[in-house]
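What you see below is based on every heavy atom in this structure, not just the backbone, and it leaves out hydrogens, waters and symmetry mates.
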Amino acid sequence: QGAGAGVGGGNGSWTESIVCPYCNAPLPRCGICLMPLGSRTTAHRDWATVCLRCHHGMHCSHAEEWFASHVVCPVPNCCCCCKWRDDEEL
């Protein structure tokens, strides 16, 4: 079974929201809530942000909340200090 099979009812909207509409590849998921990063909304809180070091992604609102009290990536087993820029001292 593919991702989302049997989830979200019979209309297929859940499956359609977690795969690319062009190639059917699974969309990346938020490292915090695990929901797909793809969205048709333009609300800032739903935008995706990606760490340029470890390449893990998350929704902007989740990243803001997480990095208000953490420095390390929220993805398990990732030790990246996503919050730090290269020109800042650790």
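The two residues Thr49 and Ala63 make their nearest non-hydrogen contact at CG2-CB, 3.8 Å. Contact between His62 and Cys30 at its shortest, heavy atoms only, is ND1-SG, 3.4 Å. Of all heavy-atom pairs between Phe67 and Lys83, the closest is O-NZ, 2.8 Å. The two residues Val75 and Gly31 come nearest to each other via the heavy atoms CG2-CA, 3.9 Å.
Under the rule for a ring pair (Phe, Tyr, Trp, His ring centres under 6.0 Å), His56 has no partner lying at least two apart in sequence or in another chain. Cys23 is linked by a side-chain contact (heavy atoms from CB on, under 4.5 Å) to Cys20, Ala25, counting only residues two or more places apart in sequence or in another chain. In this structure, the ring pair (Phe, Tyr, Trp, His ring centres under 6.0 Å) partners of His70, at least two apart in sequence or on a different chain, are Trp66.
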Cys79 vs Cys73, side chain to side chain contact (heavy atoms under 4.5 Å, CB included): CA-CA, chis, key distance, verdict: CA-CA 6 Å; Cys79 298; Cys73 182; over 6 Å; no
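Residues Pro28 and Pro36 fail the side-chain proximity criterion, which asks for heavy atoms closer than 4.5 Å. Considering only heavy atoms from C-beta on, Met58 comes within 4.5 Å of Pro74 through its side chain. Put simply, the side chain of Met35 reaches to within 4.5 Å of the side chain of His59, judged on heavy atoms.
Within a 6.0 Å sphere centred on CG of Leu34, other residues, nucleotides and ligands contribute more than 12 heavy atoms.
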